[in-house]
J.: 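Quick one: this structure, given as structure tokens, is what I'll be asking you about.
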Amino acid sequence: MSARKTVIAAFSLALTFAGLGVSHTQEEVRIVVTGSSTIAPLMMDIAQRYEAAHPGVQVDVQTGGSSRGLSDVRRKLADIGMVSRALGADENDVAATRIAWDGVALIVHAQNPLERLSDDQVRAIYTGQATRWEAFGSWDGPITVVSKAEGRSTLGIFLDYLDLDIRDIRAHTIIGDNEQAVKVVAGNPRAVGYISIGAAEYHASAMTPIRAIALGAVAPTSANVANGSYPVRRELNLVTYPDPAAPVEAFLRFASGQQVHDLISDHYFSPASD
Amino acid sequence: MHRNLRPFVNDLVVRAAVAAVVLVLAAIVMHVVTRGAALVSWDFLTTAPRAAGRAGGIAPVLVSTAAVTGVALAAALPLAVGAAVFLVEAVGPHTVAARLTRGCLGVLAAVPSIVFGLAGNMIFCDWLGFGFSILAGGLTLALMILPIAACVAETTLRMHGEDRRAGYALGLPQRRIVWSIMLPAAAPGIFAGLGLGFGRAVAESAALIFTSGYVVRMPDSVFDSGRTLAVHILDLAMNVPGGDGNAFATATVLLASVAAVVALFTALDGKQGRDFV
Amino acid sequence: MTSSQTIISRPPRIRLFRGPLALKDAVFVVVLWASGVLAIGAMAGVLIVLAIGSAPALTEAGLGAFVADGDWYPTAGEYGLVAMVAATLAVSAGALAVAGPLGILCAVYIRYYAGDVAGAAFRVVLMTLAAIPSVVYGLWGMTVLVPHIAAWQPPGTSLLAGVIVLSIMVLPTVAVLAEAGLRQLPASLYLGSLALGCARHAAIKRIVLSSAKGAVAAACMLGLARALGETMAVLMVVGNAVAMPDSPFASVRTLPANIALEMAYAIDVHRSALFVSGLFLMAMVGLLLVLRRCWGGADAPQS
């Protein structure tokens with residue numbers, strides 16, 4: 001019996017000490033970046049590149065959403081917040097640095113032959129006036145309407161573009177992240193949703209059975225998002241308190257500069273050209 | 001129903017239920033393994049993630065997972081056993097203190113993980129000043145494991161009333177009875193509870209996003225932020241276009257390592273269990 | 001949450017002989033009480049965090065706005081949670097109705113049907129499944145289950161999908177905990193029944209399960225708690241439209257899913273309203289525990 005206890009105690013201790021580890025160097029500079037789950041994977045890559053170029057600096061990237069980014073900056077838990085929308089009027093206590101643009105496109109299943117939908121048709125679908133694909137010609141069956149959760153900026157600019165109120169929307173499936181929308185639409189030939197154009201471009205190239213449809217008349221490509229001709233887009237921002245510490249400012253310059261544009265494109269966003 | 005058929009039908013029901021469960025579970029495991037196994041290699045286990053996890057491996061993620069789980073189990077074991085012994089030995093079963101404690105544990109069991117995340121973020125990261133760290137994540141998980149582990153430990157302890165009374169009849173002090181009679185007798189149940197708690201800890205993502213965090217660097221200490229396997233899978237599957245392949249590969253690694261650890265638990269446990277059957 | 005009723009009739013409470021308390025014993029008593037207080041403190045901590053978070057919404061909109069039979073448009077000042085409370089109960093009750101009996105049958109199988117090796121192996125499988133992240137169950141539900149339901153009864157993301165995925169997730173918890181309970185029964189109970197001429201199924205149904213009903217009920221209760229609090233997997237398959245659960249094929253939203261879905265991008269009162277969802281969930285669980293206690297001794301076995 002006591003042998004068993006010893007084994008278990010040793011096991012727990014070993015695990016703990018494996019965690020406690022060896023050294024905790026103090027002279028390193030640590031920059032904490034938290035916020036939008038849309039920006040976090042990109043920021044993780046930028047941080048890895050920055051750390052490689054600047055030994056002694058650690059950039060910790062955390063996710064959890066735009067609102068967490070703002071609240072962590074305000075609570076001084078983070079140096080930089082990632083916010084995947086424009087700042088509101090009551091948020092001018094922090095300063096924003098725009099790093100990229102992200103457009104929004106409709107997606108349908110690849111089997112759906114529809115080439116485009118007018119704004120009125122999209123409005124009819126999302127307000128529940130049109131409930132079957134027959135209304136638009138060559139596709140049939142009941143429409144499954146996929147929309148985003150309240151508070152997401154993609155929803156906000158989608159509503160703004162169509163001039164709709166959140167209370168007008170009649171959705172069957174409400175999702176959070178882009179990839180969830182992709183998986184729902186890919187699994188249901190009669191679904192329609194809207195996602196980030198970059199994600200749509202990736203999935204088109206990866207043979208995922210979805211297809212992007214433009215909102216408006218301009219083709220939904222990240223090039224058109226970058227040059228501003230595609231109308232439905234949002235900005236991806238980094239926010240800090242005004243006059244950040246020198247290492248934070250250096251990192252901000254790096255993250256909004258030319259040297260990370262390839263990473264931004266790798267993540268299917270469009271670099272903000274200043 | 002004819003009387004003679006009844007045992008046959010009853011046995012059939014049990015076996016059919018087990019078969020159905022095994023089939024469904026096998027389908028899910030196959031779904032993961034067929035998509036992930038081909039991508040698992042020595043390199044995958046020993047290198048760091050690149051391109052937001054779409055390329056590269058999961059080495060730092062494995063280490064962080066072991067550390068977070070270790071902290072969680074090390075903290076949950078004494079907490080859970082302590083709470084259970086408190087309920088059995090320190091207070092009567094129907095006293096206010098007992099009901100309050102049991103009620104609190106019951107409610108705690110149903111708190112959604114994201115609420116644990118927000119609470120852990122506020123308590124451990126902010127108020128106690130641990131920041132986003134493996135320590136904060138592990139302690140948050142310990143609170144999540146606590147109800148399940150304490151409940152099982154209490155149930156098990158209560159089933160050894162006779163041993164307990166025998167101890168008292170011999171005039172042993174309470175401390176000796178608990179330490180030398182009740183805890184050894186209840187060990188299998190405590191381990192079953194801890195095993196489930198281990199599962200819950202390894203599977204957790206929402207609570208950890210807010211506490212131990214998202215960083216994929218190799219952690220130096222428990223005060224570093226570190227991403228666990230479940231968080232990695234969640235991010236790759238839901239947030240990174242093109243992350244599905246490595247998400248399934250990571251899930252395959254997670255399944256294999258959990259099966260290994262649980263088998264170890266069972267082996268430790270098996271010897272003990274036999275004494276009582 | 002667990003029973004005090006066991007087959008062993010409860011002895012009068014044994015009091016410690018109150019001689020001069022040795023230091024070690026005193027320390028022991030202090031540690032015991034500290035453990036109890038810590039358990040309560042953990043719950044209090046969570047409650048305090050939720051209360052702090054909820055305060056702005058509760059002061060601005062008032063509790064009435066949340067229980068009123070209204071819609072949920074928190075950015076437009078509508079905070080009705082009733083439909084989500086109903087959906088949470090429906091999904092969890094459905095999951096327990098499936099996973100409870102199946103889990104108990106699995107526990108019985110391990111204990112009384114399988115040989116040593118098969119039983120241990122099945123247990124390892126169950127415990128491994130308890131450790132699969134909910135996102136993996138969710139992915140399976142989303143990419144395999146939901147499309148099948150969608151082809152039959154669109155939109156596919158539905159209460160039914162939630163119940164199925166959640167049953168699978170809760171089952172290992174119920175089975176492993178119930179098995180741990182069965183294992184604690186004295187072997188003489190089962191063997192004695194057989195020796196007296198009981199058939200195996202009768203011994204299990206009438207003797208074993210009724211003796212272990214406390215542990216079995218506790219297992220089901222923890223399974224239910226797990227179901228009530230489950231977030232990610234449910235969020236991925238139930239559709240999340242805020243509506244009363246009036247059909248198994250309808251899209252519904254549970255309280256935990258509500259929090260996870262909107263918390264990341266919510267600000268101000270909206271964010272605070274999500275904390276209120278958390279409070280509601282905890283109040284629901286508390287109420288369930290009280291109801292269970294009031295309901296005739298509370299330890300009715302589940303099958």
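In what follows, every heavy atom counts, from backbone to side chain, and hydrogens, waters and symmetry copies are set aside. Treat the numbers as computed from the prediction; the structure is a model and nothing was measured. Naming convention: chains lettered A, B, ... in sequence-line order (proteins, then strands); numbering from 1 in each chain.
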J.: With chain B, which of I168(C), V108(C), T143(C) has the greatest number of heavy-atom pairs at distances under 4.5 Å?
T.: I168(C)

J.: For M43(C) versus L108(B), what's the shortest heavy-atom pair and its separation?
T.: CA-CD1, 3.7 Å

J.: If I measure from the heavy atoms of chain C, does I148(B) come under 4.5 Å with its side chain, its backbone, both, or neither?
T.: both

J.: Does any heavy atom of chain B fall under 4.5 Å from the side chain of V124(C), the backbone, both, or neither of them?
T.: both

J.: Checking V18(B) against Y113(C) for the side-chain contact (heavy atoms from CB on, under 4.5 Å) test, could you report, in this order, the C-alpha distance in whole Å, the side-chain angles of both residues, the deciding distance, and whether it holds?
T.: CA-CA 11 Å; V18(B) 171; Y113(C) 283 72; over 6 Å; no

J.: Does any backbone or side-chain atom of R15(B) lie under 4.5 Å from a heavy atom of chain C? Answer side chain, backbone, both or neither.
T.: side chain

J.: Using a 3.5 Å cut-off and no angle test, enumerate the donor-acceptor pairs between side-chain atoms of residues 254-263 of chain B and protein atoms at least two apart in sequence or in another chain.
T.:
{"from": "S257(B)", "atom 1": "OG", "to": "V253(B)", "atom 2": "O", "distance (Å)": "2.5"}
{"from": "S257(B)", "atom 1": "OG", "to": "L254(B)", "atom 2": "O", "distance (Å)": "3.4"}

J.: Kindly give the heavy-atom pair with the smallest separation between G103(B) and L289(C), and that separation in Å.
T.: O-CD1, 3.6 Å

J.: If you count heavy-atom pairs within less than 4.5 Å of chain B, which of S134(C), P133(C), S35(C) leads?
T.: P133(C)

J.: Pick from I233(B), I28(B), V22(B): which one has the most heavy-atom pairs with chain C under 4.5 Å?
T.: I28(B)

J.: Testing T254(C), L281(C), L228(C), N258(C) for side-chain contact (heavy atoms from CB on, under 4.5 Å) with P112(B), which one passes?
T.: L281(C)

J.: Could you pull out the closest heavy-atom pair between L222(C) and A109(B), with the gap in Å?
T.: CD2-CB, 3.7 Å

J.: Could you list the residues that satisfy side-chain contact (heavy atoms from CB on, under 4.5 Å) with I52(C), not counting sequence neighbours?
T.: W127(B), I48(C)

J.: Assess whether side-chain contact (heavy atoms from CB on, under 4.5 Å) is satisfied between D11(B) and R200(C), documenting all intermediate values.
T.: CA-CA 9 Å; D11(B) 286 8; R200(C) 172 159 70 171; 3.1 Å; yes

J.: Measure V13(B) against the heavy atoms of chain C and call it side chain, backbone, both or neither at under 4.5 Å.
T.: both

J.: Using side-chain heavy atoms (C-beta onward) and a distance below 4.5 Å, is F28(C) in contact with V178(B)?
T.: yes

J.: What I'd like to find out is whether the side chain of V202(B) reaches to under 4.5 Å of the side chain of I132(C), using heavy atoms alone.
T.: no

J.: Going by heavy atoms in the side chains, are N10(B) and K205(C) under 4.5 Å from each other?
T.: yes

J.: Less than 4.5 Å to any heavy atom of chain C: does that hold for the side chain of V107(B), its backbone, both, or neither?
T.: both

J.: Measure the shortest side-chain to side-chain distance between W33(C) and V91(B) over non-hydrogen atoms and say whether it is less than 4.5 angstrom.
T.: yes

J.: If you count heavy-atom pairs within less than 4.5 Å of chain C, which of V21(B), L146(B), L143(B), V24(B) leads?
T.: V21(B)

J.: Could you go through M232(C) and I114(B), starting from their C-alpha distance and side-chain angles, then the distance that decides it, and tell me whether this counts as side-chain contact (heavy atoms from CB on, under 4.5 Å)?
T.: CA-CA 9 Å; M232(C) 250 352 256; I114(B) 186 163; over 6 Å; no

J.: Give, as side chain, backbone, both or neither, the part of F198(B) having an atom under 4.5 angstrom from any heavy atom of chain C.
T.: neither

J.: What are the two closest heavy atoms between A17(B) and L105(C), and how far apart are they?
T.: CB-CD1, 3.5 Å

J.: Does the pair L118(B) and L50(C) meet the rule for a side-chain contact (heavy atoms from CB on, under 4.5 Å), with working shown?
T.: CA-CA 9 Å; L118(B) 296 169; L50(C) 279 178; over 6 Å; no

J.: Please report the shortest heavy-atom distance between L32(C) and G82(B), naming the atom on each side.
T.: CD2-O, 4.1 Å

J.: Are the side chains of V29(C) and Q174(B) in contact, using a 4.5 Å heavy-atom criterion?
T.: yes

J.: Among A180(C), A130(C), S92(C), which has the most heavy-atom pairs under 4.5 Å with chain B?
T.: A130(C)

J.: Check each atom of I40(C) against the heavy atoms of chain B and say whether the ones under 4.5 Å are side chain, backbone, both or neither.
T.: both

